[in-house]
Structure formats: C-alpha cells, structure tokens
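To start, the structure under review is shown below, and the notes come after it.
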Amino acid sequence: MKKKVIIYNRLEQPVVEDLKERYDVHFFKNIDPKTNQDFFNHLKEAEGIIGLSLEVDKELLDKAPHLKIVSNNSVGYNNLDIEELSKRNIMATNTPGILTDTVADTIFGLLISTARRMPELDHWVKAGNWTGMLETAYFGTDVHHKTLGIIGMGRIGQAIAKRAFHGFDMNILYHTRTKKPEAEQQYNASYCSMVELLTQSDFVCLMTPLTPETEQLIGKREFQLMKKSAIFINGSRGKTIVEQDLIDALQNGEIAAAGLDVFEKEPVEPNNPLLKMKNVVTLPHIGSSTYETELKMSQLAARNLDAGLNGDRPPNLIDSNVWKKD
C-alpha cells in the first residue's frame, strides 16, 4: 500500500505527477484547514505533508497520528511549530539556497523601481500625460553611490549587497545577529548598530526571517530615525514591521517612499492606504516567483519528503535533533 501524502497549496505540476507515482497523493488548495472535513479525513492517515503556508501547530498535529515529515516548499518556516514537531519526533524541512539569486533580483528591482518611480511614471505615460518636457516634480532619486543598509545579512541579504556593491558602487551597511566577515571582505560592508544603520542609510532594506524576536522589529521609533529622504524596502515578511507605523511615516513625510513585496495581511486588503500612495511600490509577494526557481524549490521539497518517508536523513532538516538513525 502506498504511503499517504497531502500536498497543500502549491507544488509545480511535474513534481505533483512524479509524487503520484510513488504515493497516495491528495491535493488541497484554497481550503480552511481548520474546518475542511475531507482534509481531516486524509490527515488521519497521512505520513507526509508537502507544500506552502499550511499552519502546522499542535491542533493540526493532534489530528495527524501517523505523520513523519512536513516538507515546506519555501525557505521560511514560520508557519511550522518546530518545537511541537520536534517534541513528536516529526521531521520538518525547508528549501534554502535555491531562491537566493531570484529573490535578490526582485528586491533590488523593487529598490530601483521605487527610487526612480517607475510604476508611477509608467501609469502616467499610459494615461496620456506625457505631452512635453518632464517637470522636476516627477524626478526620482539616484541609486548608484548611495548608502544601502541591510537588516538581516543571510544568503539573500548578501546577494543584494553583491548587486549593490559591484553593480551600483553603493556603500553597504548591515545589521544582523552575527557579523559576516565574508560580506565585509567581498562587498566592503560595514557592520553597525541598528540606530547607526537607520540614521545613515539612504535605502533601508529589511531581509530578516519572521521569528518572535523579529516580529514588529521596525515601527514608529525606527521610521523616525530614518532620513526624511530614505526609501524603505521590505522583502522579509509583513509582520516584521508595524504596518500602521509605516503608513503614518509615509503620510507624515518622515520617510520618502517604500517598496513592499510583503504585507501584514496577504493578500493585501483593497482598502489598505498603502495601495493609494504614489510613493509606494507594491508587489504581490513575488520574491521567488519565476517558473525556473519554483520548479527547483518543488523538486527539493520532494527530495526532502522522499528521504523522510524512506528512512533517510532529509537534506534540509530544520531540527537535526529529530534525526535519529537506527
């Protein structure tokens, strides 16, 4: 009898078809996992879960007595209660590394488009407003040779620093839990305090994972510390900032503009004031959303799942203490 696997939300179709050959696969999308009875019925027998954004907590795990592994199809895993999973000796995995360059491309593109007001001016031109010489009121700001402050200097943060330093001759400041000597050597990056970074940077780029320590990391005080000309870029998670404080900072002229790939609530609510601001560029959480990258992530998530279900150590096991080889 094939082992039962639940696919949740998103996995690229070639990987879905491949998994169907080896497992009893059941796919769920756009459901409420706390109330869907069909989901509960399959969860009772499931040995593996693979996919994106499923909240795996004590309540769900109580309904999954045979579960061996949860394979997250993302780098982040704030949707997983790792402590509870480890307590039950259930493996949890993610897909790091693959999306680094793709996300860095997106975030740096967001930075440029915000600074040069590209989406705003695109709409302006298409509306037929370009009838003569462009007035200075529509000018943007330079990116090259400016100071970029990166909060969270992991793989993606360093990939952003690489683009900024080698491509745009930017001065790099960073703040993170541990110093990154390789970034300092390769990109002339300078480690500094959060206050120094906020007060000195022309662009502030937030790239931390969402953890209890980083939730609402950036709020009223931090926005007030930034330059009035500063541009804030959030490529981490929406809940790493106090979104209302960002709205207030933009409305009060405390910072110049913002580029956002993430929001406190996703999909973003249509009445969110950020959507009405010309000095805010908004993206629908597309950091890693290219077909090539999503396929590679799905393939890695499937390799993690296969290993966990077949007695091998998954290549991207989050808590290594769970792995106990006989």
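Note that this is a predicted model, so its numbers are computed, not measured.
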Checklist entry - Going only through I, L, V, M, F, W and Y residues with side-chain contacts under 4.5 Å, is there a path from Ile112 to Leu148? => result yes

Checklist entry - How would you list all residue pairs meeting salt bridge (Lys or Arg N to Asp or Glu O under 4.0 Å) that involve residues 258-273, not counting sequence neighbours? => result Lys265-Glu269

Between [X] and [Y], is any side-chain donor less than 3.5 angstrom from a side-chain acceptor?
{"X": "Glu83", "Y": "Ser86", "value": "no"}
{"X": "Glu243", "Y": "Asn272", "value": "yes"}
{"X": "Ser288", "Y": "Glu294", "value": "yes"}
{"X": "Asn188", "Y": "Glu184", "value": "no"}
{"X": "Thr95", "Y": "Lys296", "value": "no"}

With distance as the sole test, does [X] use its side chain to make a donor-acceptor pair with the main-chain N or O of [Y] at under 3.5 Å?
{"X": "Asn234", "Y": "Ser236", "value": "yes"}
{"X": "Lys2", "Y": "Lys20", "value": "yes"}
{"X": "Asp245", "Y": "Lys220", "value": "yes"}
{"X": "Thr214", "Y": "Thr211", "value": "yes"}

Checklist entry - Do the ring planes of Phe28 and Phe39 sit parallel (below 30°), tilted (30 to 60°) or perpendicular (above 60°)? => result perpendicular

Closer than 4.0 angstrom, basic N to acidic O: yes or no for [X] and [Y]?
{"X": "Asp57", "Y": "Lys34", "result": "yes"}
{"X": "Arg155", "Y": "Asp101", "result": "no"}
{"X": "Arg303", "Y": "Asp312", "result": "no"}

Looking at every non-hydrogen atom in both residues, tell me the closest pair between [X] and [Y] and how far apart they are.
{"X": "Thr100", "Y": "Ala159", "result": "CG2-CB, 3.8 Å"}
{"X": "Ala301", "Y": "Ser71", "result": "O-OG, 2.7 Å"}
{"X": "Tyr187", "Y": "Gln158", "result": "CE1-O, 3.6 Å"}
{"X": "Leu111", "Y": "Ile233", "result": "CA-CD1, 3.8 Å"}

Item to check | Qualifying residue for side chain to side chain donor-acceptor pair (under 3.5 Å) with Lys146, from Thr141, Asp202, Asn171 | outcome: Thr141

Item to check | Gap between atom NE2 of His42 and atom CD of Gln37 - 0.5 Å precision | outcome: 10.5 Å

Item to check | Lys3 to Tyr23 six-membered ring, cation-pi geometry met (6.0 Å, 45°) | outcome: no

Next on the checklist: Is it the case that the ring center of Phe168 lies less than 6.0 angstrom away from the ring center of Phe108?
Outcome noted: yes

